[in-house]
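Below is one structure, written out as structure tokens; the observations come after it.
One-based numbering, in listed order, for ligands and for the atoms of each.
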Amino acid sequence: MKMGTALIYDEEMTKYKLLWVDPACKIEVPERLTVSYDALIQNGLTDRCVSVPVREATDADILQVHSEEYLEAVKKTPYMTLEDLKEFTLQYGDVYFHPNIYHCAKLAAGAALQLVDSVMTGKVRNGMALVRPPGHHSMRSAANGFCVFNNVAIAARYAKQKYGLKRVLIVDWDVHHGQGVQYCFEDDPSVLYFSWHRYEHQKFWPQLRESDYDSVGKDKGAGFNINVPWNQVGMKNSDYLSLFCHVLLPVAYEFCPDLVLVCAGFDSAIGDPEGKMCATPDIFAHLTHLLMNLAGGKLCAVLEGGYNLTSLPQSVCQTVQTLLGDPAPRPANLDGPCESALESLHCVRSAHRQYWSSLKHAADLPTSDISTKRIKLAEEEEGKSENGEEETSEEVWPEPLKRVPPPIRTAVVLPDGVTCPDGCKRFSSLEDPNQESVNKLRETLLKAEADSVALATLSSLIALVEKMEKNEICNGLALVADVSMAMMRLVQHAATAPHSRLLVVCVGDEVVPSLDTDDGKTLLVQFSSKESDKQKSKYHINVCLKKGCSDALGFTQAVLSLLLPLGYEYDPSLVLLVRMSDSGVCDSAWQQLTGLLLGLAQGRTLVLMQEAEKARVGLTASSLLGDAAPSLGQLDAPLPEDVEALERLRHRLQADWKLLQTTAAPDTGRGDAP
Ligand code: Q6P
Ligand code: ZN
């Protein structure tokens, strides 16, 4: 199943630059592309991608988004003198023209279209286009913010028209607001636009009122424009992940796109002179991963901004390597979102609760509250930055470690007679010459184990886990006679390993034996339809859904807004995913869960399934191998009582788990809406 990753790049797009002095534009340099492409080469990533040529976007392509007058005007720029170009430039904001920029702008838009074609025809699963000029600020009749044609908007229109797509999701993680994209699709419910951006209460460029969270789209498009204003600089990995878990992903899964386009600007990374944010380059591995199971994996990332010539190439590499399917690195220092991010998060959720069932029970905050708070904040900010010229202190961060995938991706422990799925390696501890630990285990843990088949299986499981810990095998899958027993043994085993942190995810109603989890070496999350009577500990969480896991959307929402934040904050070294025989989970939701969990623990997930579930081995293995999960389809809203119960659980756990927070001040009594 696994298909490739397209990479689109052409040196021609480095062949224009700023020809006069303009402080606003001096950061947009040709080296942005060359350093990015060189880093891909250095990391051996270009060789692993399918190289797709650029083409020029046609007039017809461009006119899908831009006016004829504007196109005709831009067409004249190659023939202009330097003075004419300067003059022409003056009518637009923060942009420059060059005799070759029209050619490059056609190639940049054309690159996005080539990428859409490659993905939509199944030539590749996903891909990235490295382009200049960028696109998301350009409007129907205006260049703006280094952008000439709106590459991603043109690509969205093209994809809808040529391939008959019903829904396209555009995720704009550039640190600026892509107002051009917003204007283009404002009243269009078939294109969901999500953008986060440095805003600082409208003090940051482009300083638009309509970049705030309350611009939700117009007419039929109401609810399909999601703006997340960052009102402070210095946002970190936690802030970004929290926005994904509590806003973007729940809405995106509900929207159910046929294609995901990413306005992939990396000025939202640390060190960027424009963004001044503090998210590290490895966060883009996670942002990418979290989007890769939407739309059956069809994802096209198109470069926008990114002006730090160190963090830009690092971030590009993280993105491309993730598109290729390599496990993401363990996310660093997720210490919870900051107050300002929480306030933005809360405002966005409130503004959109009427449009999305997953946000329906988001706490409602009186708007008067918001505005007073905002004014106060704005004043404070002003005081701070009044006489402050740009600080000169350089941000430093460690270079992301090389991501070296284990030689074996997926190992399976299966009873005789069950065939090994394609691409997996059958595994048995008996073939392992190094039996030391297994023998030790026999002596200590398994004295009680009379059944020799069960003993052999358990030995294999332990040996497999040890190989995962040593990075020899990435993930695995086992069919066992007794999942609870196997799970217990693995938890006991993990408890003996010095640095082990085990996330156990149980799907199904089977009673989980009480585990000693208080030392924090194990976090257990169970999804079931049974209300649990006793108040479990911080490390033993029961998620109860009325219809159990059979409500695919309700279940997935619980995974996105509860399990993922817990998992990210806990930062396990290994994930144990236990599928009980009575789970009731449908195949697509199961594959989504499996795929999403691979973002944790460097993809080290071991799946345990009951022997009777052998029909699920193939599709589970496919998810572990990195294939995209099939999309859930457009589903009915989850049961309101389930969404409510989930919100309550999330509120209850917020004291212990900061990534579960969605409101700024927990003391303002805005808990559960009546
Ligand atoms: C920012 C212009 C410069 C002010 C200098 C797709 C990419 C971008 C462009 C940002 C233009 N203001 N202090 O465009 O969003 O990164
Ligand atoms: Zn930008």
Side-chain angles (χ1 to χ4, degrees), residues 13 16 18 20-33 36 65-66 89-90 92-97 101 104-105 108-109 111-112 128-139 142-156 170-184 193-200 202-208 211 227-230 233 235 240 261-277 279 284 287 301-309 311-312 315-316 319 385 388-392:
M13 288 180 283
Y16 76 91
L18 179 63
W20 51 85
V21 177
D22 180 353
C25 293
K26 67 166 196 278
I27 55 177
E28 205 294 295
V29 294
E31 289 73 23
R32 298 177 53 242
L33 282 195
S36 299
V65 166
H66 297 281
T89 295
L90 279 179
Y92 308 117
D94 295 81
V95 67
Y96 62 88
F97 278 81
I101 201 171
C104 292
M128 171 144 205
L130 292 180
V131 303
R132 276 177 80 238
H136 71 158
H137 297 302
S138 88
M139 291 162 272
N144 182 260
F146 314 148
C147 303
V148 176
F149 299 136
N150 202 315
N151 308 321
V152 168
I154 293 170
I170 301 178
V171 177
D172 188 339
W173 70 45
D174 186 281
V175 85
H176 300 93
H177 182 218
Q179 84 278 35
V181 184
Q182 171 169 316
Y183 299 152
C184 189
Y193 178 61
F194 170 95
S195 173
W196 62 35
H197 34 270
R198 181 173 169 191
Y199 190 59
E200 297 176 295
Q202 214 181 313
K203 292 209 154 47
F204 188 70
W205 189 90
Q207 305 186 24
L208 301 170
S211 305
N227 283 336
V228 182
W230 296 125
V233 296
M235 293 299 164
Y240 288 7
L261 303 178
V262 181
C263 288
F266 299 99
D267 41 13
S268 44
I270 191 163
D272 192 275
E274 273 288 298
K276 295 197 160 55
M277 297 300 175
F284 295 101
L287 303 186
V302 181
L303 183 69
E304 297 280 359
Y307 308 100
N308 178 304
L309 298 181
S311 73
L312 168 65
S315 304
V316 167
T319 303
S385 53
E389 244 306 287
E390 306 278 290
E391 313 104 86
T392 42

message: Considering both backbone and side-chain atoms of Asp174, is one of its nitrogen or oxygen atoms within less than 3.5 Å of a nitrogen or oxygen in ligand 1?
response: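 The answer is yes, given that Asp174 and ligand 1 share an N or O pair closer than 3.5 Å.
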query: Between Trp196 and Trp230, what is the ring plane arrangement, given parallel below 30°, perpendicular above 60°, and tilted in between?
result: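 Correct class here is tilted.
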- request: Mind telling me whether His177 and Tyr193 have parallel, tilted or perpendicular rings, with 30° and 60° as the class edges?
  value: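 Aromatic pair Tyr193/His177 classed tilted.
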Does [X] reach the side chain of [Y], with side-chain heavy atoms less than 4.5 Å apart?
{"X": "Cys104", "Y": "Pro133", "answer": "yes"}
{"X": "Leu303", "Y": "Phe266", "answer": "yes"}
{"X": "Thr89", "Y": "Trp20", "answer": "yes"}

- request: Would you give the angle at the Zn ion (ligand 2) between Asp174 atom OD1 and Asp267 atom OD2, to the nearest 10°?
  value: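 It rounds to 110°.
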Can you report which non-hydrogen protein atom sits closest to [atom], along with the distance?
{"atom": "atom 13 (N) of ligand 1", "result": "Glu274 OE2, 3.0 Å"}
{"atom": "atom 16 (O) of ligand 1", "result": "Tyr307 OH, 2.5 Å"}
{"atom": "atom 12 (N) of ligand 1", "result": "Asp94 OD2, 3.1 Å"}

task: Tell me which N, O or S atom of His176 sits nearest to the Zn ion (ligand 2).
output: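 Minimum-distance N/O/S atom of His176 relative to the Zn ion (ligand 2) is ND1.
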Atoms in ligand 1 flagged as close to [X], the criterion being non-hydrogen separation under 4.0 Å:
{"X": "Cys147", "result": "6 (C), 14 (O)"}
{"X": "Glu304", "result": "6 (C)"}
{"X": "His137", "result": "6 (C), 8 (C), 9 (C), 10 (C), 14 (O), 15 (O)"}

message: Closer than 4.0 angstrom, basic N to acidic O: yes or no for Glu28 and Arg132?
response: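 Between Arg132 and Glu28 there is a salt bridge, with a charged N closer than 4.0 Å to a carboxylate O.
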- prompt: Does ligand 1 have any atom that is closer than 4.0 Å to a heavy atom of Ala24?
  reply: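 Contact check Ala24 vs ligand 1: positive.
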- prompt: Would Tyr240 and Trp173 count as a close aromatic pair, with their ring centres under 6.0 Å?
  reply: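 Ring centroids of Tyr240 and Trp173 are no less than 6.0 Å from each other.
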